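Note that the structure is a prediction, hence the values are computed from the model and not measured. First the proteins, then the strands, lettered A, B, ... as listed; each starts at 1. Below, all heavy atoms of this structure are taken into account, side chains as well, without hydrogens, waters or symmetry copies.
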Amino acid sequence: MIRDDIIRLIERAIKKAQKKGDLPSFDVPEVTLERPKEEIHGDYATPVCMSMARLARMAPVQIAEKIVARMERPDYIGSVEVAHPGFINIALSNAWVAAQVEAILGQGERFGHVNRGQGRRVQVEYISANPTGPLTIGSGRNAVLGDTLANVLAAAGWQVQREFYVNDTGNQMELFAASLYTRYAQALGRDMPLPEAGYPGSYLVEMGQAIAAEFGDRFLGMERDQALGALQAEGLKRMLAEIEADAKSMGIYFDHWKSEQSLYDDGTYGAIFNKLSADGWLIHREGAVWFKGDRGGPHSSQARIDSENGKRGPEEQEDKDNVVVRSDGRPTYFASDIAYVWDKLVTRGFDWAIYVWGADHHGHVPRMKAVTHALGLDPERVTVILYQLVTLKRGGELVRMGKRTGEIITLREVVEEIGADATRLMLLTRSADSQMELDLTLAVQESRENPVYYVQYSYARIASIFRYAQEQGMSLEGGDVSLLTHPAEQALIRQMIQLSAIIALCAETLSPHHLTHYAQKLASAFHSFYEECRVVSQDPAHVDLGKARLKLVLAAKTVLANTLTLMGVSTPEVM
RNA sequence: GCCCCAGUAGCUCAAGGGACAGAGCAACGGUCUUCUAAACCGUUGGUUGCAGGUUCGAGUCCUGCCUGGGGCGCCA
């Protein structure tokens with residue numbers, strides 16, 4: 001990446017300046033490179049001289065001048081300047097920038113990819129919504145975050161597996177089955193109340209009717225327990241089919257659907273329970289089995305050391321005990337989570353497990369870290385991405401929502417109203433840390449002005465240029481990209497070559513929202529170019545430039561496509 | 001009571017400790033006989049919740065407070 005090349009260039013210049021005695025010797029701090037806000041400051045800038053002032057006992061500007069004097073000037077460097085209060089500003093050479101068009105065309109859909117992962121295996125587990133009801137808009141945020149992150153990590157050189165964890169056992173599943181039983185019985189004319197804390201949503205009424213229509217009264221004839229089991233299986237199958245369809249409507253496909261129940265069936269849970277028990281992490285109290293927090297654990301001193309080494313922040317210390325097995329003998333979902341993390345990191349051997357959770361689960365992060373540690377695994381191999389909840393409004397009115405309250409605005413409704421592309425971008429634009437307030441009424445109105453169309457429109461315009469060029473018998477064969485010297489052309493290419501840095505940034509910070517802002521900048525650069533630079537022209541004097549521009553436009557199409565694809569947004573040829 | 005996240009332009013949000021805090025929408029003024037005006041060009045708009053601190057430099061880091069949201073042993 002050009003960015004890394006420039007950093008190394010500066011590092012070499014500093015060392016050389018020290019060696020030649022221009023600068024005193026001291027440990028050189030990390031050279032950071034940023035994109036200046038002002039165009040006049042060039043393509044890259046480093047503030048490193050400011051942080052060296054004290055070490056060198058020199059004024060930042062003087063340091064900068066010494067470094068600049070020792071800097072090599074490879075062909076990609078256009079200009080190097082020192083600016084107050086001590087920046088080194090670097091501009092790429094126009095010739096090198098123009099040449100990048102060929103490089104982009106050569107790399108095609110791989111352009112922008114980096115190799116930070118070096119083939120290591122990461123699992124991204126996302127959505128994993130309880131299959132007790134349809135996906136909500138909150139699941140939508142989870143879905144978009146997880147899916148885009150998976151795309152980004154794959155582009156950053158990781159081997160990625162996308163997983164949906166199916167909570168097909170436990171308390172909520174039993175309540176789901178009992179609620180479905182009631183609705184099914186009601187569909188057949190029986191009078192039966194919903195169980196306490198059951199699922200009141202109308203979707204179960206419909207499902208009860210559908211099952212009654214298909215199976216008749218078959219389940220009413222069974223023992224209640226047997227009927228519950230059969231209905232749970234049937235309901236789960238139907239619910240998962242809907243979830244899969246909703247995910248698909250947003251372009252999301254999973255590599256694997258992992259059953260919670262399977263962790264019990266295949267013995268993982270039993271083995272892990274024994275291991276934790278043998279290692280002294282479990283205690284019996286009040287009739288239940290508890291996992292000891294860091295304070296009580298046998299290796300609590302080790303936990304503290306890890307914390308001091310920065311491996312785990314103090315906010316990740318778990319100082320509470322957590323129930324693994326209830327006093328009635330049934331395991332909690334935390335029990336399966338323990339088996340699951342073992343399954344991920346040991347049985348299946350992922351180097352890294354990423355969970356995407358809503359902020360309402362943030363209290364569970366410390367105990368996941370604690371239990372990973374207790375299993376003898378490095379807690380750093382587990383990362384939980386928390387996203388703040390989506391508050392929903394309709395016409396300014398707050399909608400309290402949840403599968404268990406019965407009032408649900410489904411992801412499907414939103415996708416049907418404003419489209420998958422707009423939904424994805426809307427949920428992706430904000431950083432995961434910021435709460436979203438979504439007014440459905442407004443979202444439908446505003447979807448016409450959604451930034452997604454701005455970006456897609458640039459893509460469609462390019463497609464249109466190519467249709468017209470073909471009509472006019474014009475081709476890019478033999479185009480000479482060194483002719484691309486117009487400021488608008490240069491600005492567009494400079495934007496295009498940022499993609500790899502953006503992918504690296506998104507992967508390192510696990511914040512895919514940077515992509516959306518990049519996409520808009522890229523589209524903006526294209527639209528400006530489009531206004532200023534004619535591509536297809538009858539003017540004979542324009543032939544060579546036209547060919548070069550056609551190459552540029554094809555490269556822009558490539559970069560736009562790569563960016564949109566990473567975000568899971570479609571690339572329309574016509575709008 | 002304790003823990004987590006947020007508070008930035010009228011609205012929705014950006015901003016790897018760096019230069020004059022940026023976009024979009026909204027408002028206002030221009031630009032289509034030539035590849036898509038879902039666009040472009042320009043103008044207006046800010047005490048970054050408040051008070052301290054660290055730093056050459058703070059929207060960003062630290063402490064306290066205010067407001068909103070979420071969480072705190074047998075729901076998930």
By the 4.0 Å heavy-atom rule, please label [X] as base, sugar-phosphate, or nothing.
| X | answer |
| --- | --- |
| A/His362 | base |
| A/Cys49 | nothing |
| A/Ile462 | nothing |
| A/Pro47 | base |
| A/Ala53 | nothing |
| A/Val289 | nothing |

Tell me, which pairs form a salt bridge (charged side-chain N to carboxylate O under 4.0 Å, His left out) where one or both residues lie in residues 125-140 of chain A, sequence neighbours left out?
A/Glu125-A/Lys344

Salt bridge (charged side-chain N to carboxylate O under 4.0 Å, His left out) partners of residues 540-554 of chain A, not counting sequence neighbours, each pair once
A/Glu102-A/Lys551, A/Glu489-A/Arg549

Can you confirm whether the side chains of A/Ser336 and A/Tyr264 place a donor and an acceptor under 3.5 Å from each other?
yes

When you compare the side chains of A/Gln172 and A/Asn167, does any donor N or O come within less than 3.5 Å of an acceptor on the partner?
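The criterion, which ignores hydrogens and geometry beyond distance, is not satisfied for A/Asn167 and A/Gln172.
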
Which nucleotide in the list [options] gets nearest to the side chain of [X]?
| X | options | result |
| --- | --- | --- |
| A/Asn89 | B/rC4, B/rA39, B/rA19 | B/rA19 |
| A/Ser327 | B/rG18, B/rG71, B/rC74 | B/rC74 |
| A/Met50 | B/rG18, B/rA38, B/rA76 | B/rG18 |
| A/Lys320 | B/rC4, B/rA39, B/rC72 | B/rC72 |
| A/Glu34 | B/rA39, B/rA76, B/rG18 | B/rG18 |

Taking atom [atom1] of [X] as the centre, report whether more than 12 heavy atoms of other residues, nucleotides or ligands fall under 6.0 Å from it.
| X | atom1 | result |
| --- | --- | --- |
| A/Gln538 | CD | yes |
| A/Lys66 | NZ | no |
| A/Arg54 | CZ | no |

Taking only side-chain nitrogens and oxygens of [X], does any of them come within less than 4.0 Å of OP1 or OP2 of [N]?
| X | N | answer |
| --- | --- | --- |
| A/Ser51 | B/rG18 | no |
| A/Tyr453 | B/rA38 | no |
| A/Arg326 | B/rC75 | yes |
| A/Tyr454 | B/rC40 | yes |

Pairs: protein N or O with nucleotides 13-15 of chain B N or O, under 3.5 Å:
{"residue": "B/rC13", "atom": "OP1", "partner": "A/Gln435", "partner atom": "O", "Å": "3.4"}
{"residue": "B/rC13", "atom": "O5'", "partner": "A/Arg430", "partner atom": "NE", "Å": "3.2"}
{"residue": "B/rA14", "atom": "OP1", "partner": "A/Ser431", "partner atom": "N", "Å": "2.6"}
{"residue": "B/rA14", "atom": "OP1", "partner": "A/Ser431", "partner atom": "OG", "Å": "3.4"}
{"residue": "B/rA14", "atom": "OP1", "partner": "A/Ser434", "partner atom": "OG", "Å": "3.2"}
{"residue": "B/rA15", "atom": "OP1", "partner": "A/His513", "partner atom": "NE2", "Å": "2.8"}

Between the main-chain N or O of A/Ala523 and the side-chain N or O of A/Ser458, is there a donor-acceptor pair closer than 3.5 Å?
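No; zero donor-acceptor contacts below 3.5 Å.
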
For A/Glu508 and for A/Thr169, locate the closest nucleotide of RNA chain B by heavy-atom distance; then report the residue assigned to the nucleotide nearer the 5' terminus.
A/Glu508

Sorted by position of nearest nucleotide on RNA chain B, 5' first, the leading residue of A/Pro36 and A/Asn171 is A/Pro36

Would you mind writing out the side-chain donor-acceptor pairs for residues 530-537 of chain A within the sub-3.5 Å range, not counting sequence neighbours?
{"residue": "A/Arg534", "atom": "NE", "partner": "A/Val536", "partner atom": "O", "Å": "2.7"}
{"residue": "A/Arg534", "atom": "NH2", "partner": "A/Val536", "partner atom": "O", "Å": "3.3"}
{"residue": "A/Ser537", "atom": "OG", "partner": "A/Asp539", "partner atom": "N", "Å": "3.0"}

Enter syn or anti for the glycosidic conformation of B/rG16, syn applying to angles within 90° of 0.
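Here the answer is syn: the torsion falls within 90° of 0.
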
What is the glycosidic conformation of B/rC65: syn, defined as within 90° of 0, or anti?
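Base orientation relative to the sugar is anti.
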
Rounded interatomic separation in angstrom, taking CZ from A/Arg35 and C1' from B/rG22
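Going from CZ in A/Arg35 over to C1' in B/rG22 covers 14 Å.
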
Rounded to the nearest Å, what distance is computed from the CE atom of residue A/Met575 to the P atom of nucleotide B/rC35?
18 Å

Spell out yes or no: do the side chain of A/His364 and the base of B/rA76 have one donor N/O and one acceptor N/O closer than 3.5 Å?
yes

Any N or O donor-acceptor pair under 3.5 Å from the base of B/rC20 to the side chain of A/Glu38?
no

How is the base pairing of RNA chain B summarised as a dot-bracket string, given the Watson-Crick and G-U wobble criteria with both distances under 3.5 Å, [ ] for crossing and | for another strand?
(((((((..((((....[...)))).(((((.......))))).....(((((..]....))))))))))))....

Once you measure the plane-to-plane angle for A/His517 and A/His513, does it fall in the parallel (<30°), tilted (30-60°) or perpendicular (>60°) bin?
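Because their plane-to-plane angle is over 60°, the rings of A/His517 and A/His513 count as perpendicular.
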
Is the shortest distance from a Lys or Arg side-chain nitrogen in A/Asp5 or A/Arg8 to a carboxylate oxygen in the other one below 4.0 Å?
yes

Ring centroid separation for A/His527 and A/Tyr457, is it under 6.0 angstrom?
yes

What residues from residues 465-474 of chain A pass a heavy-atom cutoff of under 4.0 Å to RNA chain B?
A/Ile465, A/Arg467, A/Tyr468

